[in-house]
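See below for the structure under consideration.
Any value given below was found using the heavy atoms of this structure, including those in side chains, with hydrogens, waters and symmetry copies removed. First the proteins, then the strands, lettered A, B, ... as listed; each starts at 1.
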Protein chains: 2
Amino acid sequence: MSRSGADLALLLLGGFRTLADRATVELAARGYEDIRPVHDFALQAILTGADNASELGRRMSVTKQSAAKTIAVLESRGYVERRPDPTDRRRMHIEVTDRGHTMLREGAAIFDDLRQQWETQVGAGAVEQLERTLRQLLGDTTTRLDTPGWLVQDLGGES
Amino acid sequence: MSRSGADLALLLLGGFRTLADRATVELAARGYEDIRPVHDFALQAILTGADNASELGRRMSVTKQSAAKTIAVLESRGYVERRPDPTDRRRMHIEVTDRGHTMLREGAAIFDDLRQQWETQVGAGAVEQLERTLRQLLGDTTTRLDTPGWLVQDLGGES
DNA sequence: AATTTTGGACAGCCAGGTTGTCTATTTGAG
DNA sequence: CTCAAATAGACAACCTGGCTGTCCAAAATT
C-alpha cells in the first residue's frame, strides 16, 4: 500500500530524530549534558580541517557569524581552544581539546551502538538496504544540520 | 561496508530535508510563498480535529502558546479563520479556509510527486522497502516536527 | 456556591540562525 | 613598492519559533 509522500518525509524525520534524541540522552548520561549532536558534528568538522570560523561556516553551510557562535559555545564548554594563528594574524586557530576528542569518540560509539540496535530489530540487511537507497537518492548532497532547536527538547523524561 | 551510525543519522536527515526543501520550493512556485511544511502539517492537524490552540498544541507536542503563534501565522496568511465557539465561550474555534484546503491538496500532491520521483530513481520496491523498515523501526512513535527553522532556508536560489 | 480545571492571551527569555557594519591583515595587481 | 581587493573575525541588531510564567474568564467538578 503506497502511502503518501508526506508520510515518507515524516518517517525520515522520525528516524533521524529518534537517533539524535537518543544520542543526546546517552551523551548526557555520560557527562556531556550540555551537548547536542550539532556540536558533535561541528567538532568533527573542526577536527577534519575546518580549524577557523570562516572555514567552519563554509563546511556547515552557515554564516561565519553563526559558526563563531558555535565555536564560542564549544570553547566555553571546554571542547575546543582558540589561539592566534602564528602565520596569519587575522585568524584564530581552533584546536580540539582532549575532552573534545573523548566526547567525539563517545558520540561516535553511541551512534554506532544505536545503529546496531536497529540492526537487531530489523536485520542488518534491512539497515544496509536503507542506507544504500538513501545514499543513492541523495547523491553527493551535503546535508546541513543547522539550527535544530528541537534537538534540545526535553525528550520526555520518564518522571 | 557498514558505515558509521552517525552517517546513517545524517542520511535520514538529508532525506527529509531534501523532500521538505523541494516541497517548500514547489509550494512557493505555486503561490504559497510564505509557507513551510510545518504549516502544512499543522493545517492537517487542525483539519483532523485539533480545532483549537490547546488541542493543536497537544497534537504537535508543543505548548499552547507556540500553537497559538502558529495559528496566528496561518490566520494572517489566510489559511484559517478563528471564530468564537458558540458553545464554549473560552474557545476560539479554528476553521480551515478554502485557501487552506487548496494549499493542503497542493502540498499533498507535491509530496506524492516527490515520492514518485524517488521511485523512478531507485525503483518503487526500494522506496517501499525503505518505508517498511522505517515504519518497523519507529513503531507508533509520533514525530513532532516543531521549530524546523532550517526549513525556511534559502535553498540555494539558482541565481 | 466554591474550587479546580481549562482555553487563551500577554510578557519576557533563549537558542541559533540572519544581515549589516567595521577593523585588521593578507593577498594580488599594476 | 604601493594601493586596492579579499579575507578573518567581531559586534550589534533583528527574526523565528520554541519556552516559562502570569493572569483572566469561562467551564466543570465537588
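- Among R115(A), Q121(A), Q116(A), the single residue meeting the side-chain hydrogen bond (donor to acceptor under 3.5 Å, both in side chains) criterion with E119(A) is R115(A).
- Whole-Å rounding puts the I35(A) CD1 to dA15(C) C1' distance at 14 Å.
- Look at CD1 on I71(B): it is 7 Å from P on dG8(C), rounded to the nearest Å.
- The separation between R36(A) atom CZ and dG18(D) atom C1' is 13 Å, rounded to whole Å.
- Computed from coordinates, the N52(A) CG to dT26(C) P distance equals 14 Å when rounded to whole Å.
- Across dG7(C), dG16(C), dC19(D), the shortest atom-to-atom separation from the side chain of R58(B) is found for dG7(C).
- Contact annotation: the side chain of L130(B) never approaches that of W118(B) to less than 4.5 Å [non-hydrogen atoms, C-beta and beyond].
- I71(B) is not listed as a side-chain neighbour of M92(B), based on a closest heavy-atom distance of 4.5 Å or more.
- Residues of residues 78-97 of chain B having a heavy atom closer than 4.0 Å to DNA chain C, listed by number: R82(B), R90(B), R91(B), M92(B).
- Using a 4.0 Å heavy-atom criterion, one finds that S66(A) contacts the bases of the nucleic acid, with or without backbone contacts as well.
- Within the 4.5 Å cutoff, no side-chain heavy atoms of N52(A) are placed close to those of D85(A).
- What separates NZ of K64(A) from C1' of dC22(C) is a distance of 10 Å, to the nearest Å.
- There is a path of hydrophobic side-chain contacts, each under 4.5 Å, that joins L43(A) to L47(A).
- The minimum heavy-atom distance linking A126(A) with Q129(B) is given by the pair CB-NE2, 4.4 Å.
- Across the protein-nucleic acid pair, Q65(B) atom CD and dG21(D) atom P stand 11 Å apart, rounded to whole Å.
- Under the 4.5 Å side-chain heavy-atom criterion for Ile, Leu, Val, Met, Phe, Trp and Tyr, L8(A) and V122(B) are members of the same hydrophobic cluster.
- DNA chain C is contacted by both K69(A) and D51(B); D51(B) maps to the nucleotide lying nearer its 5′ end (nearest heavy atom per residue).
- Checking dG17(C), dG7(C), dA9(C) against every side-chain atom of S54(B), the shortest atom distance belongs to dG7(C).
- Atoms CD (E75(A)) and P (dA10(D)) sit 9 Å apart, rounded to a whole Å.
- Distance from the side chain of V62(B) is smallest for dG18(D) among the nucleotides dG8(C), dG18(D), dT18(C).
- Summarising the geometry, the separation between CD on E55(B) and P on dT6(C) is reported as 12 Å, rounded to the nearest angstrom.
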